[in-house]
Amino acid sequence: MTETKIDIRELNLWYGSFLALKNVNLSVPPRLITALIGPSGCGKSTLLRALNRMNDLIPGVRITGTVLLDGENIYGGALRVDRLRKRVGMVFQRPNPFPLSIFDNVVYGLKVAGVHNRGILRDTAEKCLRGAWLWDNVKDKLHHDALELPLDQQQRLCVARLLAVEPEVILMDEPCSALDPIATAKIEELMAVLKKDYTIVIVTHNMQQAARVSDFSGCMLLGEMIEFNDTQTMFTHPGDKRTEDYITGRYG
Amino acid sequence: MIRIGEKTVQRLLMAAAFSAIGGLLLIALFIFKEGLSFFIETGFRRFLFADVWDPQSGLYGIFPMLVASLWVTLGAMLLGAPLGISVAVFLVEFVPRSVMRVVKPTIELLAGIPSVVYGFIGVMVLAPFIRSTFGGPGLSLLAASFILGVMILPTIISISVDAITAVPASYREGSFALGATRWQTVRMVVLKAARSGIIASVILGMGRAVGETMAVIMVAGNAVKIPHSALDSVRTLTANIALEMGYATGRHREALFATGIVLFVVIMILNTAAGVMVRKRVSGKKG
Ligand SMILES: Nc1ncnc2c1ncn2[C@@H]1O[C@H](COP(=O)(O)OP(=O)(O)OP(=O)(O)O)[C@@H](O)[C@H]1O
Ligand SMILES: [Mg+2]
């Protein structure tokens, strides 16, 4: 692991006076899947949301330390937040397509970026829907309300609309927790394909999922990153007793 | 013991509710009883679209008033809707919640100011301003539209704020996560998600504008003629009823009640439309 896409250094984050991330260090390798695991409330979502500055939206959040994206500090002030979020996109726990048509959902990011050429929009929509394996499901009803889709298709629509802005990094916060096992398998397969082009960071509660899909894993506990290693090693020879306890199910 | 107490309270409340609803029904019945026969005898078209209102000669055409009401309401909407919706967006999206918790009730309080006060301000400030700036009598269609536009702001703002606040946070997050700015998020997602609630607020505001009487009488000038410019003096349907009911008898009186029926139906249609919109929003959120 020589290359680094995102380098997190000595990151601390407070919600008001509550310290939710404690001196977190982590190097996310490019074009691989990195999983964040750990018991509920340990700060996985918080860490993930620190990577595209979604925590900025929460009043009372204070952050110290640096997060380098390709060597540039995203908290340094030189990188505009909206530009950052175009490079580091996010898929949420509950599918959250906009109450617009399927088509308008996919091209949303393009319109935000000022692209209005109908041809480009149409081509991108098809490309991204194919990329998220949704094209065959929706090609005949592109102008239907996105909220009519079943949940797993909604989630893939959220992936598709993300692909449209051509991010470099995709953050996923428990993207399958609202889905059944079959839908989950589809999303996992999709992730395996996406990692050829994108750096993926995924938060999951599901040990099997982390073991199945990820190349590297970080285990968190009470706001600290207690272990980070390649997934194989982490799950077979955990270096930290607490990691072992968590993986084998001795925490919540 | 407690159970019996509760039952009694329940019955009392029920009685109160039914007497209120019953009272409203009686009023509606009364209006229809007084006006309907006139309406039928004169005929729909001769009543609504004849343009001479001259009770002395037995001519009862409400077309000039109908046109005046229409224009005054339209003018009020032109001012009130964009302004009210903008204020609502601003309050929800760009003002801290703590400030909004103070500002919104204050705005809602404005709805409680008696309309005669609005009319008074219109007569003292607005009409002279219009007269000296644009000419004409001052008391005019423009003045009435402006005053009504201001009067319906609380309705539009308050209901729009509720609609915009009800937009799930996940839509906003999803939009921000795609690199949208706050303004883009508002324009492209929030307003669309809150659309039916906002439309409902505009329709309810329109209902208020159509029905308002006192402020309009004070600032509109009340000349019975079809207006040719915004600076002309006009008389609305409501103003006509209020101004003439005091001395009207016989056919004249019936004609005024028939005018009441027209207003009644218009307001019913507007309120039903608003209700449909609100219900659509609720069911849309579930989906
Ligand atoms: N907006 C907030 N304000 C205050 N405290 C918060 C906020 N969001 C999270 N926290 C706290 O920060 C800690 C970490 O929360 P976070 O959501 O990152 O945990 P998590 O690991 O994602 O948990 P889960 O697995 O349940 O999703 C928790 O103790 C939580 O209570
Ligand atoms: Mg979480």
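Please read these numbers as outputs of a predicted model, since none were measured by experiment. Chain naming here is simple, since letters A, B, ... match the order of the sequence lines and numbering starts at 1 in each.
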Asp104(A) and Ser101(A): CA distance, side-chain angles, deciding distance, side-chain hydrogen bond (donor to acceptor under 3.5 Å, both in side chains) verdict: CA-CA 5 Å; Asp104(A) 284 335; Ser101(A) 72; 3.3 Å; yes

Other residues, nucleotides, ligands: >12 heavy atoms within 6.0 Å of Arg83(A) CZ: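 Counting other residues, nucleotides and ligands, CZ of Arg83(A) stays at 12 neighbours or fewer.
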
Leading residue by heavy atom contact count with chain A [cutoff under 4.5 Å; candidates Ser170(B), Pro96(B), Gly179(B)]: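 Option with the greatest count: Gly179(B).
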
Geometric class of the Phe32(B)/Phe264(B) ring pair [parallel <30°, tilted 30-60°, perpendicular >60°]: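 If you compare the ring of Phe264(B) with that of Phe32(B), the planes turn out perpendicular.
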
Mutual orientation of the aromatic rings belonging to Tyr108(A) and Phe98(A) [parallel < 30°, tilted 30-60°, perpendicular > 60°]: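 If you compare the ring of Tyr108(A) with that of Phe98(A), the planes turn out tilted.
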
SB check Glu173(B) Arg94(A) (cutoff 4.0 Å):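 Not counted as a salt bridge, because no side-chain N and carboxylate O are separated by less than 4.0 Å.
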
Electrostatic pair Asp82(A):Arg53(A) at N-O distance under 4.0 angstrom: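 A salt bridge is absent here (no side-chain N lies under 4.0 Å from a carboxylate O).
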
Reported [atom1]-to-[atom2] distance for the pair [X] and [Y], which is rounded to 0.5 angstrom:
| X | Y | atom1 | atom2 | result |
| --- | --- | --- | --- | --- |
| Cys42(A) | Ile37(A) | SG | CD1 | 9.0 Å |
| Leu110(A) | Arg161(A) | CG | CZ | 13.0 Å |
| Met188(B) | Leu178(B) | CE | CG | 9.5 Å |
| Phe90(B) | Ile157(B) | CZ | CD1 | 12.0 Å |
| Leu26(A) | Asp7(A) | CG | CG | 8.5 Å |

Residue Arg49(A) versus chain B: region with a heavy atom under 4.5 Å: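 Answer is side chain: those atoms of Arg49(A) sit under 4.5 Å from chain B.
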
Who in [range] is close to chain B, using a strict under-4.5 Å heavy-atom cut-off?
| range | answer |
| --- | --- |
| residues 165-178 of chain A | Val165(A) |
| residues 111-123 of chain A | Lys111(A), Val112(A) |
| residues 55-74 of chain A | Leu57(A) |

Residue pairs involving residues 177-186 of chain B (criterion salt bridge (charged side-chain N to carboxylate O under 4.0 Å, His left out); sequence neighbours excluded):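 Sorted result for residues 177-186 of chain B: Glu93(B)-Arg182(B).
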
Donor-acceptor pair between Gln184(B) and Ser175(B) side chains, under 3.5 angstrom: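 No, because no side-chain N or O of Gln184(B) sits under 3.5 Å from a partner of the opposite role on Ser175(B).
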
Residue pair Thr165(B) / Asp162(B), side-chain donor-acceptor N/O under 3.5 Å: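 Asp162(B) and Thr165(B) do not have a side-chain donor-acceptor pair below 3.5 Å.
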
